[in-house]
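Heads up, the thing below is written out as structure tokens.
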Amino acid sequence: MTSPTNKDFFQRVYNWVSQVPAGRVVTYGQIAAALGHPRGARLVGWAMRVCPDDVPWHRVINARGALSTRPLPGGFHLQRALLEDEGIQFESDGRIDLRIYRWSEQ
DNA sequence: CGAATGACCAAGC
DNA sequence: GGCTTGGCCATTC
């Protein structure tokens with residue numbers, strides 16, 4: 001497409017998130033920066049909001065290591081369950097230690 | 001086209 | 001240490 005501002009960015013986000021291995025998490029800003037949008041963390045939020053079922057959206061968290069699943073009712077609990085099932089341990093604050101679980105591309 | 005919105009982030013109070 | 005403000009960029013009305 002001659003228009004780069006198409007859903008191609010969304011598709012790229014899904015592809016990028018899909019390559020995240022289990023037991024690892026990534027932040028919105030990290031994804032945006034990896035795709036060429038260092039300030040487009042919100043765009044990733046949009047992409048996640050319309051994310052297809054084949055995308056491990058539960059591995060996407062905010063820069064504070066906490067879950068941001070706001071629109072999904074009970075999604076918070078679901079995401080935490082999925083992450084714990086992958087071997088990720090939550091802190092007392094309900095947050096994740098990004099120092100350990102934050103995954104970087106290659 | 002302009003204004004409002006959003007699963008964000010960083011800085012300020 | 002928790003709440004508020006501004007900025008960022010694409011989508012939607």
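This structure is a prediction, so every number in the text was calculated from the model and none was measured. All chains are named by letter (A, B, ...) in the order of the sequence lines, taking the proteins before the strands, and each is independently numbered beginning at 1.
Along DNA chain B, the nucleotide closest to A:Trp46 and the one closest to A:Ile61 are compared, and the more 5′ of them pairs with A:Trp46.
Distances were taken from every side-chain heavy atom of A:Leu43 (C-beta onward) to each of C:dC8, C:dA10, B:dC9; the shortest belongs to C:dA10. Comparing atom distances between the A:His37 side chain and each of B:dC8, B:dA7, C:dA10 picks out C:dA10 as nearest. For A:Pro71, the side-chain atoms get nearest to B:dA7 when compared with the rest of B:dA7, B:dC9, C:dC9. Taking every side-chain heavy atom of A:Phe10 into account, C:dT11 is the closest of C:dT11, C:dC9, B:dC9. When distances run from any side-chain atom of A:Leu72 to the nucleotides B:dC9, B:dA7, C:dA10, the shortest one goes to B:dA7.
Going from atom CG of A:Leu67 over to atom P of B:dC8 covers 11 Å, rounded to whole Å. Atom pair A:Gln11:CD and C:dA10:P shows a separation of 17 Å (rounding to whole Å applied). For A:Leu82 and B:dA7, the CG to P distance is 19 Å, given to the nearest whole Å. In this entry the distance linking CD1 of A:Ile31 with P of B:dC9 reads 10 Å, nearest Å. The distance from atom OH of A:Tyr28 to atom P of C:dA10 is 19 Å, rounded to the nearest whole Å.
Using a 4.0 Å cut-off, some side-chain N or O of A:Arg70 falls inside it from OP1 or OP2 of B:dC8. Contact annotation: A:Arg49 reaches the phosphate of B:dA7 (side-chain N/O to OP1 or OP2, under 4.0 Å).
Remark: A:Arg42 fails to qualify as a cation-pi partner of A:Tyr28 under the 6.0 Å distance and 45° angle criteria applied to the six-membered ring.
Rounded to the nearest 0.5 angstrom, A:Leu98 CG and A:Trp103 CH2 are separated by 14.5 Å. Between atom CG of residue A:Leu78 and atom CH2 of residue A:Trp57 there is a gap of 4.5 Å, rounded to the nearest 0.5 Å.
Rounded to a whole angstrom, the distance from the P atom of C:dT5 to that of B:dA4 is 16 Å.
For a distance-only test at 3.5 Å, the side chain of A:Arg42 qualifies as a donor-acceptor partner of the base of C:dC8.
Here the side chain of A:Asp93 pairs no donor or acceptor atom with the backbone of A:Arg95 at under 3.5 angstrom. When atom types are taken as modelled, the side chain of A:Thr27 and the backbone of A:Gln30 share a donor-acceptor pair closer than 3.5 angstrom.
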